[in-house]
Amino acid sequence: MPLPPSPSRLLARLGHRLVQQFRLVDIPVTLPWSGTTLRVLQPATFDRLLTAAARDPEQNLPYWATIWPSGIALGDALLHRPSPNGGRPVLELGGGLGVTATAALAAGVDLLVTDYSPVTLLLNRANALRNTGRQPRTLQLNWRQPPPALFARAPYHLVLAADVLYEARDVEPLLALVERLVAPDGALWLAEPSRPPAQRFVAAAQANGWHDQLTHHQGPWPDPGDEGVVVNLHLLHRSAARAAI
Ligand SMILES: C[S@@+](CC[C@H](N)C(=O)[O-])C[C@H]1O[C@@H](n2cnc3c(N)ncnc32)[C@H](O)[C@@H]1O
């Protein structure tokens, strides 16, 4: 049986596919709590991405192409709390460029990353590979119409989501989805920067019986434009089993 390709060969193949689509820049990202610095590839400009988004039937804007404080805070929390999940598979919703995924893999997590954008899933894998030598499994999906493949390994003991609640239309679909995806003794780790849909999501989850352990994270963040952003990190548990996480 042939050996699987090495991380450097996998990375070269991904890089080849990516540079055909756009110019990339390499950004240093320091996770303030753990002090870990990652190197993150992101598109250099957004013009072509915005043009493509205008043709998208779902009208999803290319928010995946940016490094967000919530993704940094969530990754930092995973590095700060080693082995949060006892080796069980973990799912991430809306993984974007992969800051959270990279930190999760560095923390030893067995990870499936999902996103609407196929190209961000390539970047997510590339960023994980170049920082950790490992890559997550990936699944392209629209969480408003979740495919059966999303539930193949459900329920999950841990689901991760960073800054995925910025549109009112996503509150109900995401709430219904995590109710199906998270095990009865499991948790959703949700990082969000106080956007109203996220606040409504958390209130609705609590009304459904979820328990919230909340901490606040203030950076510093790599982009000076994010100065002053406070990320709320919710460890949302479906039961009183919080000690098991
Ligand atoms: C604001 S970005 C956050 C990315 C990443 N979690 C972070 O914090 O850096 C939101 C992410 O959700 C994804 N997304 C938006 N709508 C989606 C949908 N309907 N189905 C799946 N993913 C979606 C976007 O493609 C993007 O990667």
Side-chain angles (χ1 to χ4, degrees), residues 21 27 29-32 38-43 46 49-50 52-53 55-79 90-105 109 111-128 131 136 138-147 149-151 158-178 180-181 188-198 201 217 219 221-223 225-226 229-234:
Q21 303 194 46
I27 310 285
V29 177
T30 297
L31 312 189
L38 309 176
R39 304 291 312 200
V40 179
L41 294 173
Q42 73 172 117
F46 301 125
L49 306 181
L50 288 167
R55 294 191 298 269
D56 175 15
E58 290 282 307
Q59 297 289 293
N60 282 337
L61 291 168
Y63 292 119
W64 57 263
T66 297
I67 296 163
W68 297 95
S70 294
I72 295 173
L74 184 53
D76 219 1
L78 289 161
L79 283 172
V90 173
L91 173 73
E92 184 181 6
L93 298 170
L97 293 174
V99 173
T100 303
T102 300
L105 291 173
V109 165
L111 185 67
L112 172 64
V113 174
T114 63
D115 205 284
Y116 182 77
S117 158
V119 73
T120 203
L121 291 174
L122 293 182
L123 272 164
N124 195 300
R125 290 168 56 201
N127 282 323
N131 285 283
T138 57
L139 177 65
Q140 190 277 329
L141 56 71
N142 178 358
W143 59 48
R144 297 171 201 128
Q145 293 151 22
L150 177 61
F151 302 97
L158 180 60
V159 173
L160 307 171
D163 209 349
V164 296
L165 283 145
Y166 44 92
E167 293 197 41
R169 62 178 169 166
D170 285 325
V171 174
E172 283 185 20
L174 281 174
L175 197 54
L177 195 57
V178 297
R180 292 179 68 189
L181 286 172
L188 167 68
W189 286 19
L190 171 71
E192 52 84 16
S194 295
R195 304 187 204 282
F201 175 95
H217 299 261
W221 315 116
D223 184 343
D226 288 327
V229 170
V230 177
V231 173
N232 307 309
L233 177 62
H234 305 266

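Every number for a ligand or one of its atoms is a count from 1 in the order of the listing. Positions are given from 1 along the sequence.
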Side-chain atoms of residues 94-104: list all donor-acceptor pairs with protein atoms under 3.5 Å, sequence neighbours left out, distances to 0.1 Å.
from, atom 1, to, atom 2, distance (Å)
T100, OG1, G71, O, 2.8
T102, OG1, G98, O, 2.7

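- The environment of CD in E172 is sparse: at most 12 heavy-atom neighbours from other residues, nucleotides or ligands sit within 6.0 Å.
- Listed by chain and number, the residues in a salt bridge (charged side-chain N to carboxylate O under 4.0 Å, His left out) with R180 amount to none (sequence neighbours excluded).
- Residues with a heavy atom under 4.0 Å from ligand 1: N60, Y63, W64, W68, G71, G94, G95, G96, D115, Y116, L141, N142, W143, R144, A162, D163, Y166.
- N124 and T138 share no donor-acceptor pair across their side chains, judged by distance under 3.5 Å alone.
- Under the 3.5 Å distance criterion, with hydrogens and angles disregarded, a donor-acceptor pair is assigned to the side chains of D170 and W143.
- Qualifying side-chain contact (heavy atoms from CB on, under 4.5 Å) partners for Y63, counting only residues two or more places apart in sequence or in other chains: L61, W68, Y166.
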